[in-house]
Number of protein chains: 2
Amino acid sequence: MVMKLNSYDRVLLRAVQEDARVAQSELGERASLSTAAVNRRLKLLSSEGVIERYTACVNPKAVGYDLTIVVEVKVESERADLLDEMQRSFAACPQVQQCYYVAGDCDFVLIFLVRNMEQYVELTRQLFFKSNNVKSFKTLVAMNRVKTGMAVPVDE
Amino acid sequence: MVMKLNSYDRVLLRAVQEDARVAQSELGERASLSTAAVNRRLKLLSSEGVIERYTACVNPKAVGYDLTIVVEVKVESERADLLDEMQRSFAACPQVQQCYYVAGDCDFVLIFLVRNMEQYVELTRQLFFKSNNVKSFKTLVAMNRVKTGMAVPVDE
DNA sequence: CCTGAAATATCTAAAAG
DNA sequence: CTTTTAGATATTTCAGG
């Protein structure tokens with residue numbers, strides 16, 4: 001599960017997280033590596049699961065998704081089967097961008113991306129009221145997406 | 001700011017969010033479009049800012065980042081200059097993966113990705129205690145990353 | 001808005017040091 | 001790890017409907 005990374009790999013990982021479209025020849029220059037070596041290492045990083053996938057980052061506003069909402073959910077029962085079912089329904093909802101099962105003073109943190117408040121309200125009905133296992137939830141409306149992304153620090 | 005999307009664009013956006021490495025010829029087949037048309041539309045989507053960038057998704061565990069922590073921060077003062085300075089310092093920290101400025105019962109929601117608790121504690125000192133504008137913060141440790149990513153729904 | 005063909009560029013794999 | 005080579009793929013441009 002944990003691949004041994006050398007310092008070339010680290011340079012590559014930082015670079016492709018920032019911009020996955022830079023040519024391998026260009027990556028080679030930055031990492032002081034041949035193009036062939038870059039190719040080999042990137043492929044290895046993918047096959048070892050260090051790089052999980054490549055994706056395009058879409059600007060939510062550009063497709064009419066203007067509202068980001070963070071929600072804290074408390075559950076009624078911690079029964080495993082009920083929690084599993086909740087997680088499945090959360091994960092299956094396209095407007096739930098992220099979901100974390102947490103320890104602390106709530107049980108789930110969800111990040112919604114919705115078109116408007118109406119859509120959010122409708123989704124809370126579907127996801128929270130229907131399940132009968134949500135004790136309460138707290139809504140935090142984002143005024144500013146200060147920092148977004150899934151970038152992973154690669155240090156050393 | 002808002003580009004008019006046709007139904008080809010929507011198919012393309014869904015596809016490249018899932019996997020940015022599919023060939024344009026393959027995308028063309030899926031969208032019933034020529035390769036050249038796919039190329040042109042993707043380039044347009046980028047230049048119009050609909051697609052912000054392309055990125056590699058790195059598995060945090062594979063690089064030793066095993067802990068995801070959600071933090072709610074309450075501030076002392078809402079003075080604009082103080083808030084700006086906080087946002088800058090949060091955004092500048094590589095272990096702060098995401099940061100939202102929110103309305104509701106706290107002011108900021110941060111998502112940390114850290115190696116271990118020690119690192120988290122150290123970062124809270126730097127980011128929260130130094131600023132002198134953090135009234136309190138609440139730590140939620142993720143037991144399960146149920147759903148992650150920055151995927152944006154593209155409907156219609 | 002589209003297509004199809006031609007020209008480039010990039011990636012991949014193999015061979016050899 | 002390197003370089004070089006060569007062939008397969010992918011991207012981009014261009015002419016034209």
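Side chains are part of it too, since the values below use all heavy atoms of this structure and drop only hydrogens, waters and symmetry mates. The sequence lines fix the lettering, A, B, ..., with proteins before strands; numbering per chain opens at 1.
Every side chain to side chain contact (heavy atoms under 4.5 Å, CB included) that B/Ala91 has, sequence neighbours left out, goes to A/Val146, A/Lys147. Scored by the ring-ring contact (aromatic ring centres under 6.0 Å, His included) test, B/Phe90 finds B/Phe108, B/Phe128 as partners (sequence neighbours excluded). Residues forming a side chain to side chain contact (heavy atoms under 4.5 Å, CB included) with A/Ser77 (at least two apart in sequence, or on another chain): A/Arg79, A/Leu82, A/Asn133. For B/Asn116, the side chain to side chain contact (heavy atoms under 4.5 Å, CB included) test picks out B/Glu118, B/Gln119, with sequence neighbours left out. Listed by chain and residue number, A/Tyr120 satisfy the ring-ring contact (aromatic ring centres under 6.0 Å, His included) test with A/Phe112 (two or more places apart in sequence, or in another chain).
Taking Ile, Leu, Val, Met, Phe, Trp and Tyr as hydrophobic and joining them when side-chain heavy atoms fall under 4.5 Å apart, one finds B/Tyr100 in a cluster with A/Val70, A/Tyr100, A/Val102, A/Val109, A/Ile111, A/Leu140, A/Met150, B/Val70, B/Val102, B/Val109, B/Ile111, B/Leu140, B/Met150.
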I'd like a list of close polar pairs between nucleotides 15-17 of chain C and the protein, N/O only, cut-off under 3.5 Å.
none

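The stretch residues 6-24 of chain A participates, sequence neighbours left out, in these side-chain hydrogen bond (donor to acceptor under 3.5 Å, both in side chains) pairs: A/Asp9-A/Arg41, A/Gln24-A/Asn39.
Atom CG of A/Leu45 and atom P of C/dT12 are 13 Å apart (whole Å). Distance A/Tyr54 OH to C/dT10 P: 16 Å, rounded to the nearest Å. Following rounding to the nearest Å, A/Leu42 (CG) and C/dT10 (P) show an atom-to-atom distance of 15 Å. Going from atom CG of A/Leu12 over to atom P of D/dC1 covers 10 Å, rounded to whole Å.
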**Contact letters for nucleotides 3-17 of chain D, in which S counts primed atoms plus P, OP1 and OP2 and B counts the base, heavy atoms under 4.0 Å** = B------SSBB----

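Hydrophobic clustering of Ile, Leu, Val, Met, Phe, Trp and Tyr side chains at less than 4.5 Å, counting indirect connections, unites A/Tyr65 with B/Leu12.
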